[in-house]
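Below: one structure, written as structure tokens.
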Amino acid sequence: MHSETHIKEKLTAFLKQHSISDLPVILQRPREDRFGDFTSNLAMQLARHLRKSPRDIALDITAQFGDDDPVVDHTEVAGPGFINFYVRKEGLLDALRAILKADKQYGRVQRENPPTAQIEFVSANPTGPLTIGHGRQAVLGDAVARILEAAGYDVTREYYFNNAGRQMRVLGQSVRLRYLEICGASVDFPEDHYQGAYIRDIAQKLYDRHGDSLKNSDDITPFKDIAEEEIFKDIKGTIARLGFAFDSFFNEKSLYDEGKIDAMVNRLKEKNLVAEKDGAVWFLTSQLGFDQDRVIIKSTGEPTYRLPDMAYHVTKMERGYDRIIDIFGADHIDTYPDVLAALKVLGYDVDKVTVLIHQFVTLTENGEKVKMSTRKANFVTLDDLLDEVGVDVTRYFFLMRSMHSHLNFDLALAKTHSDENPVFYIQYAHARICSILKLAEDKKLTWQQGLSRLDNLKTEEETALIRELTEFPKIIQKCTETLEPHKLVNYLHNLATVFHKFYTVCRVITGDEALSLARLALIQATRIVIGNGLNILGISAPERM
RNA sequence: GCGCCCUUAGCUCAGUUGGAUAGAGCAACUGCCUUCUAAGCAGUGGGUCGGAGGUUCGAAUCCUCCAGGGCGUACCA
């Protein structure tokens, strides 16, 4: 880390000498270790400005790093004009010591006054158990929350729901019909009602509680209420199994009760962005650069989802978060531009808002696609999945791909408890390390004793491992910017590869005590990084497998 | 028609603000356990990065056009 900033400063100074200010200094980790610790393409970038060949410029730059440089051991000019920097070994060892010292804090940012972030996700209405589709969003959202926490944010996880709409009425009616069946009535169960077996379970529960005393009730309220209660209990249980909990559940109804819906309409009216047409109330988005206006209150007097969405986001703004993150599935792609437009026109700082859109999950089993739908009965629930494969596999599968890509969830592979399953590759590296540390402990060898013997680390594999470990904070930084957990997954997988390679070539506990101790320190540092990384993903780091 | 996402090895996918010989897992094949966990390692085969132009020292990456797939384009959410 220190070496990196040192080199950057020198490169910046070189730019200053040539009065160039608009060129960012880029120092990258080369793809291959044989190209050094850091590499810069600066000379090639400068070729046009300075009207000299990249290699000549590179030589001018490397001349800045003499034999007496405190950080850089040597440099080389390679290929079309890359400058490769090789740092002094002591710099790497310092970085290693820093990891051991920071321990569980390594990669995390501590702040005096933590900024706040709110992240809204899942937000499924309580009409049925969470499906595998919801699973992607739940795991993604929690991982993003954990990344922000690692970056020093105080994070609120919020679940927004609506228990008043048409869906809920159909749900209540579905429970009522199943209840009547249990009471012995013959009923005609409509196809567009909720077919799932859980409806019968809820009806049964109601029957157990009240017998058939509700069978002549035309009011669906008791049916709806128990359905909501039971389904929410179920949803919260599933979320708990995934390893987190929501800090708040926001009921859309409160927006009506507190007059925030009317207030929203009035505020837009004041901006002359509301008009009545065909008996409905429209938000004149066409005046804000959109291709069409949008209905916010139907001719029935019932608001469309956009209006409460806007009012809801106003509350997010008013609650004073420094950052607001919404996670939506691809099917909601069209809902947020209007919401943001409304916020902007009302003077809120929409730059605080980040909307993450993730693509769908395709579930395949035995080579066939399984269509998931809550209404129809043929879904596989998230709970079922957790029963089959456990939390770690579930979370890993949802996090290993970019949210922008469709996720092909191979149920057969996920169920496999063997080396075919990629989760275990990272966890296995951690377990191996713990096993060695345990063995060393039995021999009265500790990694702490290795701190003063780190200069015994010399092999290619050892150096490669240290370099990889020092990347961790940069990966966290990157994840904080992009909010893409899969980048952390990829990093940990790669780190595990470097470790497994080291493990195969370098035996840790040998007759050479000084070397053994140094290597214990190295694997302890590796354990820290893998452990911290998995923790941010919400995946366990087992000590034995 | 319009908007967003995707198209990279047989399959599923990575690929750093444009960089050096495009990678991983799975599948196929070949080796490696009397020594800290073989859920591992080493190796082989497998590619016109959907197609065509353009930008430049340099493009899987940026721009334009085209083709294919997903999602949306509701007085559903």
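Sequence lines set the chain letters: A, B, ... in the order given, protein chains first and strands last, and positions in each chain run from 1. From a predicted model like this one, the values you see are computed outputs, not experimental measurements.
The salt bridge (charged side-chain N to carboxylate O under 4.0 Å, His left out) check on A:Arg544 picks up nothing, with sequence neighbours excluded.
The closest donor-acceptor contact from the side chain of A:Thr39 to the backbone of A:Gln28 lies at 3.5 Å or more, if one exists at all.
Nucleotides B:U61 and B:C6 have their C1' atoms positioned 15 Å apart, rounded to a whole Å. B:A67 sits 7 Å from B:G51 when the C1' atoms are compared, rounded to a whole Å. Between the C1' atoms of B:A20 and B:A60, the separation comes to 16 Å (whole Å). One P atom belongs to B:C32, the other to B:U8, and the distance between them is 37 Å to the nearest Å. On the C1' atoms, B:G70 is 31 Å away from B:A28, given to the nearest whole Å. Taking the P atoms as reference points, B:U48 lies 26 Å from B:U64, given to the whole Å.
Atom pair A:Arg166:CZ and B:C75:P shows a separation of 15 Å (rounding to whole Å applied). The distance from atom CZ of A:Phe283 to atom C1' of B:C75 is 16 Å, rounded to the nearest whole Å. The NE2 atom of A:His404 sits 18 Å away from the P atom of B:U61 (whole-angstrom rounding).
OP1 or OP2 of B:C36 has not a single side-chain nitrogen or oxygen of A:Lys443 nearer than 4.0 Å. OP1 or OP2 of B:U17 has at least one side-chain nitrogen or oxygen of A:Lys478 nearer than 4.0 Å.
Counting only Watson-Crick or G-U wobble pairs whose defining distances are both under 3.5 Å, the stems of 3 or more consecutive pairs in RNA chain B are B:1-7 with B:67-73, B:10-13 with B:23-26, B:28-32 with B:40-44, B:50-54 with B:62-66.
If you check every strand for non-hydrogen atoms under 4.0 Å, A:His332 touches a base. Within the nucleic acid shown, A:Tyr425 comes within 4.0 Å of sugar-phosphate atoms alone, with no base atom in reach, counting heavy atoms only. The residue A:Phe360 sits close only to the backbone: its heavy atoms come under 4.0 Å of sugar-phosphate atoms, none of a base. Counting any heavy atom pair closer than 4.0 Å across all strands shown, A:Arg519 reaches no nucleic acid atom.
In this model, a side-chain donor or acceptor of A:Ser299 finds a partner on the base of B:C75 within 3.5 Å. Side-chain atoms of A:Arg31 stay outside donor-acceptor range of the base of B:U16, with no qualifying N/O pair under 3.5 Å. No hydrogens or angles were tested; on distance alone, nothing pairs the side chain of A:Thr504 with the base of B:A42 as donor and acceptor under 3.5 Å.
For A:Asn408, the side-chain atoms get nearest to B:C13 when compared with the rest of B:C36, B:C13, B:G40.
Annotation: cation-pi pair A:Arg432/A:Tyr503 present, NZ/CZ under 6.0 Å from the ring centroid and within 45° of its normal.
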